[in-house]
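Residue numbers start at 1 and run along the sequence shown.
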Amino acid sequence: DSYVQLAPKHKLNLLPSLSSERNWIQDSNYVPANIEAYRSYVRQTVERYDGDGVNDVPGLLFPIKYWQLDNEADLRYTVRGDGFESPSEYYQVLKATYEAVKAADPSALLMINVAGAGQGMERLSIDYIRTLMALGAKDCFDVFSYHVYPTTYDPVIFQNYLQEIKAMIGDKPIWITETAISDQPDSKAQARWLVKDYVFHLAGGVGKIFWLALPDGAPDTSDLLARNGGLITFGETKKLSYYTYKKTAEILSGSDWTNIQTIQDSGDVQIYRFIKNGDPVFVVWWDYFNDPTYIPGMAKQAVITDVQG
């Protein structure tokens with residue numbers, strides 16, 4: 001309750017995760033032994049924060065309309081390796097969760113989430129989703145989300161992943177609920193990649209993209225991305241990526257997100273056109289990864305022709 005009451009003071013909306021487990025590393029069973037008790041837990045939780053005036057938490061200002069079932073189910077299944085949270089088990093819990101969410105608040109949306117791209121999980125993730133969809137999961141969620149944590153600054157590696165996801169889930173909305181890349185050893189590369197990450201995925205039809213965290217973690221944080229993937233240092237110094245994010249938002253804010261044209265996304269030059277207040281805004285970059293003549297600091301001129309507007 002305290003988080004829900006505190007969030008509006010900072011103009012934040014929450015995206016909580018529902019779960020049938022207490023500790024995914026230690027639990028022996030993912031599917032609840034008493035599925036009806038689990039349904040009741042979901043209904044009561046959603047009802048408490050739906051803003052309909054019935055059994056709501058006192059002082060509710062921002063009703064919660066988006067819920068997620070667990071986090072990175074495919075990764076948990078892979079790490080455990082004993083069948084825990086398999087596609088079949090996840091589907092059973094997903095179906096019960098979806099029905100309970102809709103019973104409490106028909107306007108609420110349920111999201112599923114996978115580890116996604118960039119953690120060496122791409123093929124395992126695709127196989128997990130494909131099996132899940134074959135079981136009938138497509139009728140049991142409203143929004144699909146995944147995470148993007150690259151091991152390279154080349155965004156082209158994500159093209160196939162996104163296209164395969166869209167082919168499997170149809171016209172369901174897609175969100176990226178976690179993404180980041182470390183600023184070590186190159187803070188400029190982090191800033192450049194941030195623009196590519198957002199532009200590439202927005203142009204590909206992704207509806208919302210969330211950077212992992214605003215600040216870095218403490219210096220003794222074991223995870224590299226948590227320690228160095230923020231836009232502000234642990235000492236509260238704004239990084240180049242912070243100002244890049246701010247400038248990108250200023251330039252593209254107010255664009256028609258349903259009318260983003262991908263002019264070129266193959267080869268080394270990437271070109272995208274946004275429409276803002278009726279005028280075109282072009283985002284262009286040169287990926288030099290396959291250019292043997294590239295040396296750091298080299299620039300390349302791109303000439304855009306035969307483009308209406």
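Counting only distance, with no hydrogens or angles, the side chain of N23 and the backbone of Q26 share a donor-acceptor pair below 3.5 Å. D142 contributes a side-chain N or O that, together with a main-chain N or O of L110, makes up a donor-acceptor pair within less than 3.5 Å. Remark: side-chain polar atoms of T179 are paired, donor with acceptor, to backbone N or O of V148 under 3.5 angstrom. A donor-acceptor distance shorter than 3.5 angstrom exists from the side chain of R80 to the backbone of W24, with no hydrogens or angles considered. Between the K166 side chain and the G204 main chain, a donor and an acceptor come within less than 3.5 Å of each other. In terms of modelled atom types and a separation under 3.5 Å, the side chain of T262 and the main chain of Y272 share no donor-acceptor contact. Under a 3.5 Å cut-off, the side chain of T97 and the backbone N or O of V93 do form a donor-acceptor pair.
Ionic pairing of R76 and E72 is not present here: no N-O contact between side-chain nitrogen and carboxylate oxygen is shorter than 4.0 angstrom. Between R43 and E36 there is no salt bridge, since no side-chain nitrogen of the basic residue lies less than 4.0 Å from a carboxylate oxygen of the acidic one. Between D279 and K276 no salt bridge is recorded (no basic side-chain N to carboxylate O distance below 4.0 Å).
Cluster annotation: L214 is not connected to L224 through the hydrophobic network of ILVMFWY side chains, with a link wherever side-chain heavy atoms come within less than 4.5 Å. Residues M133 and I174 fall within the same hydrophobic cluster, defined by Ile, Leu, Val, Met, Phe, Trp and Tyr side chains chained together at heavy-atom separations under 4.5 Å. In the hydrophobic clustering of this structure, I260 does not group with I275; members are Ile, Leu, Val, Met, Phe, Trp, Tyr whose side-chain heavy atoms approach within less than 4.5 Å, directly or through other members. Under the 4.5 Å side-chain heavy-atom criterion for Ile, Leu, Val, Met, Phe, Trp and Tyr, L162 and Y198 are members of the same hydrophobic cluster. The hydrophobic clustering, which links ILVMFWY residues whose side-chain heavy atoms are closer than 4.5 Å, places V199 and I251 together.
Heavy-atom minimum distance, P32 versus S20: CG-CB, 3.7 Å. Here the closest heavy-atom approach between residue Q264 and residue V269 is recorded as NE2-O, 3.0 Å. When all heavy atoms are compared, the tightest approach of P58 to R48 is CD-NH2, 4.1 Å. Between R227 and A218, the shortest heavy-atom distance links the atoms CG-O, 3.7 Å. Contact detail for K239 and D183: the closest heavy-atom pair is NZ-OD2, 3.0 Å. Between V101 and A108 the shortest heavy-atom distance is CG1-CB, 3.8 Å.
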Quick one: do I126 and R123 satisfy side chain to side chain contact (heavy atoms under 4.5 Å, CB included)? Show the steps, please. CA-CA 5 Å; I126 290 295; R123 294 319 312 167; 3.5 Å; yes
Carefully, step by step, assess V283 and W285 under the rule side chain to side chain contact (heavy atoms under 4.5 Å, CB included). CA-CA 7 Å; V283 180; W285 67 79; 4.1 Å; yes
Between N228 and Q190, is the side chain to side chain contact (heavy atoms under 4.5 Å, CB included) condition met? List the steps. CA-CA 10 Å; N228 300 118; Q190 182 196 40; over 6 Å; no
Let me see the working for D197 and I181 under side chain to side chain contact (heavy atoms under 4.5 Å, CB included), right down to the final yes or no. CA-CA 10 Å; D197 185 14; I181 196 167; over 6 Å; no
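F144 CZ to K138 NZ: the interatomic distance, rounded to the nearest 0.5 Å, is 12.5 Å. How far CG of L132 is from CG of D74: 10.0 Å, rounded to the nearest 0.5 Å. Going from atom CD of Q261 over to atom CG of D256 covers 12.5 Å, rounded to the nearest 0.5 Å. Summarising the geometry, atom CD1 belonging to I271 is positioned 8.5 Å from atom CZ belonging to F282; distances are rounded to the nearest 0.5 Å. Annotation: the span from L124 atom CG to I129 atom CD1 amounts to 11.0 Å, rounded to 0.5 Å. Here the CD1 atom belonging to I176 is positioned 9.5 Å from the OG atom belonging to S145, to the nearest 0.5 angstrom.
Taking a 6.0 Å sphere around CD of E250, one finds it holds more than 12 heavy atoms contributed by other residues, nucleotides or ligands. Other residues, nucleotides and ligands contribute more than 12 heavy atoms inside 6.0 Å of the NZ atom of K102. Residue D171 qualifies as open at atom CG: its count of foreign heavy atoms under 6.0 Å is 12 or below.
Counting heavy atoms from C-beta outward, F274 and W257 have side chains that approach closer than 4.5 Å. Two residues are said to be in side-chain contact when any heavy atoms from C-beta on lie closer than 4.5 Å; P16 and Y49 fail this criterion. Residues I35 and Q92 are not in side-chain contact: their nearest non-hydrogen atoms beyond the backbone lie 4.5 Å or more apart. Contact annotation: the side chain of L252 approaches that of V281 to within less than 4.5 Å [non-hydrogen atoms, C-beta and beyond]. Annotation: side chain of R130 is in contact with side chain of E164 (closest heavy-atom distance under 4.5 Å). Residues P63 and D50 are not in side-chain contact: their nearest non-hydrogen atoms beyond the backbone lie 4.5 Å or more apart. Between L231 and L194 there is a side-chain heavy-atom pair separated by less than 4.5 Å. Two residues are said to be in side-chain contact when any heavy atoms from C-beta on lie closer than 4.5 Å; D56 and E47 meet this criterion.
Ring-centre distance between Y41 and Y38: below the 6.0 Å cut-off. In this structure, W193 has its ring center no closer than 6.0 Å to that of F200.
A donor atom on one side chain and an acceptor atom on the other are found under 3.5 Å apart for K65 and S107. Side-chain polar atoms of T233 and D216 form no donor-acceptor pair below 3.5 angstrom. A donor-acceptor contact closer than 3.5 angstrom is absent between the side chains of N71 and S17.
Here ring pair (Phe, Tyr, Trp, His ring centres under 6.0 Å) pairs that include residues 84-136, with residues two or more places apart or in two chains, are Y30-F84, Y77-Y128.
Apart from W175 itself, the hydrophobic cluster it occupies contains L15, Y66, L109, M111, V143, F210, where clustering links Ile, Leu, Val, Met, Phe, Trp and Tyr at side-chain heavy-atom distances under 4.5 Å.
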